[in-house]
Amino acid sequence: MRAKATTRTILDMRARGERIVALTAYDYLTARIVGETGVDLVLVGDSLGMVMLGYDNTLPVTMEEMIHHTKAVSRARPRALLVADMPFMSYQASVEDAVRNAGRLVKEGGAESVKLEGGERYVPVIEAIVHSSIPVVGHLGLTPQSLHQFGGYRVQGKDEKSAERLLSDAAALERAGCFAIVLEGIPWRLAKRVTEALKIPTIGIGAGPHCSGQILVIHDMLGVHEGTLPRFVKTYGEIGLRMREAIEAYAREVREGAFPGMEHSYDTNGDGKDRAPDR
Ligand code: KIV
């Protein structure tokens with residue numbers, strides 16, 4: 001069993017050139033499994049708004065919802081470093097809000113660090129959270145909380161001007177004290193430039209193979225999803241399909257009277273073997 005992962009572990013992995021494995025989780029049992037598989041970083045992402053709560057995007061997610069799911073994941077005591085997302089409007093309005101809400105994710109939710117979206121403009125927010133002894137992960141590129149500003153989920157940093165902006169945002173986040181940065185939905189060449197320019201690790205999602213680590217939404221990589229998945233997702237299981245098959249088999253057996261059988265039934269002597277049930 002590997003030792004509990006901390007921010008130090010993640011930084012040391014970057015220094016040694018070891019790839020960082022990150023995954024989302026939103027509930028206790030999934031977090032147990034994720035923890036047992038040796039994943040390095042587990043994110044309670046605000047993507048839970050879509051995959052757990054059925055919202056159209058991440059914008060409606062509240063602090064209460066984030067704390068509720070972070071608590072469930074932290075009860076699994078995963079070996080992975082536990083990062084919780086700061087939901088939309090929990091850090092944008094003021095530095096004070098940001099520190100208080102980051103504190104709630106740690107104090108009430110059991111998070112070990114927080115993640116927030118945005119570049120240089122959020123340097124004062126990041127500095128204040130880090131000064132409160134809460135480690136911060138930055139998030140640049142196709143940041144889903146800026147969906148309306150971007151006019152949809154569009155790959156960012158495609159032209160040189162926006163690429164330069166992203167490079168300077170990444171440097172600003174590193175100086176502000178972030179211990180890692182998620183790069184989402186940007187061209188792989190830009191992700192490579194950012195990764196080479198920083199000492200802290202980059203965690204890619206839709207940012208190509210040259211980041212220091214990778215993250216995916218667990219439902220996507222397990223094949224539990226609606227509609228088509230973005231190009232950057234690789235599906236490692238067909239769990240959605242398996243769930244459907246299992247539920248259909250259960251429904252069929254209940255309707256046919258094949259379940260429950262005597263092996264699933266109790267009798268006065270405890271084994272259920274000596275009497276057929278009255279039907
Ligand atoms: O909310 C989330 O799950 C995320 C990851 C996809 C990076 O921010």
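Both counts, for ligands and for their atoms, begin at 1 and track the order of listing. For clarity, every value in this text was computed on a predicted model and none was experimentally measured.
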**Study point:** Pairwise side-chain contact, Leu173 with Ile200, heavy-atom cut-off 4.5 Å (strictly under)
**Key:** no
Point to revise | Closest heavy-atom pair and its distance - Ala102, Ile129 | key: CB-CG2, 3.8 Å
Practice item. Would you tell me whether Gln145 and Asp46 have side-chain atoms, one donor and one acceptor, within less than 3.5 Å of each other? Key: yes
Check your understanding: Side chains of Thr70 and Tyr26: do they bring a donor and an acceptor to under 3.5 Å?
Key -> no
Practice item. Please list, by chain and number, the protein residues whose heavy atoms come under 4.0 Å of ligand 1. Key: Thr24, Leu43, Gly45, Asp46, Ser47, Asp85, Lys115, His139, Val182, Ile205, Ile215, Val217
Side chains of residues 3-11: which donor-acceptor pairs under 3.5 Å do they make with residues two or more places apart or in other chains?
from, atom 1, to, atom 2, distance (Å)
Lys4, NZ, Pro78, O, 3.0
Lys4, NZ, Ala80, O, 2.7
Lys4, NZ, Glu112, OE1, 3.0
Lys4, NZ, Glu112, OE2, 3.1
Thr6, OG1, Arg8, N, 3.2
Thr6, OG1, Thr9, N, 3.3
Thr6, OG1, Thr9, OG1, 3.2
Arg8, NE, Asp12, OD1, 3.3
Arg8, NH2, Asp12, OD1, 3.3
Thr9, OG1, Thr6, N, 2.8
Thr9, OG1, Thr6, O, 3.4

Review point. Would a 4.5 Å heavy-atom cut-off, applied to side chains only, mark Val42 and Leu81 as touching?
Key: no
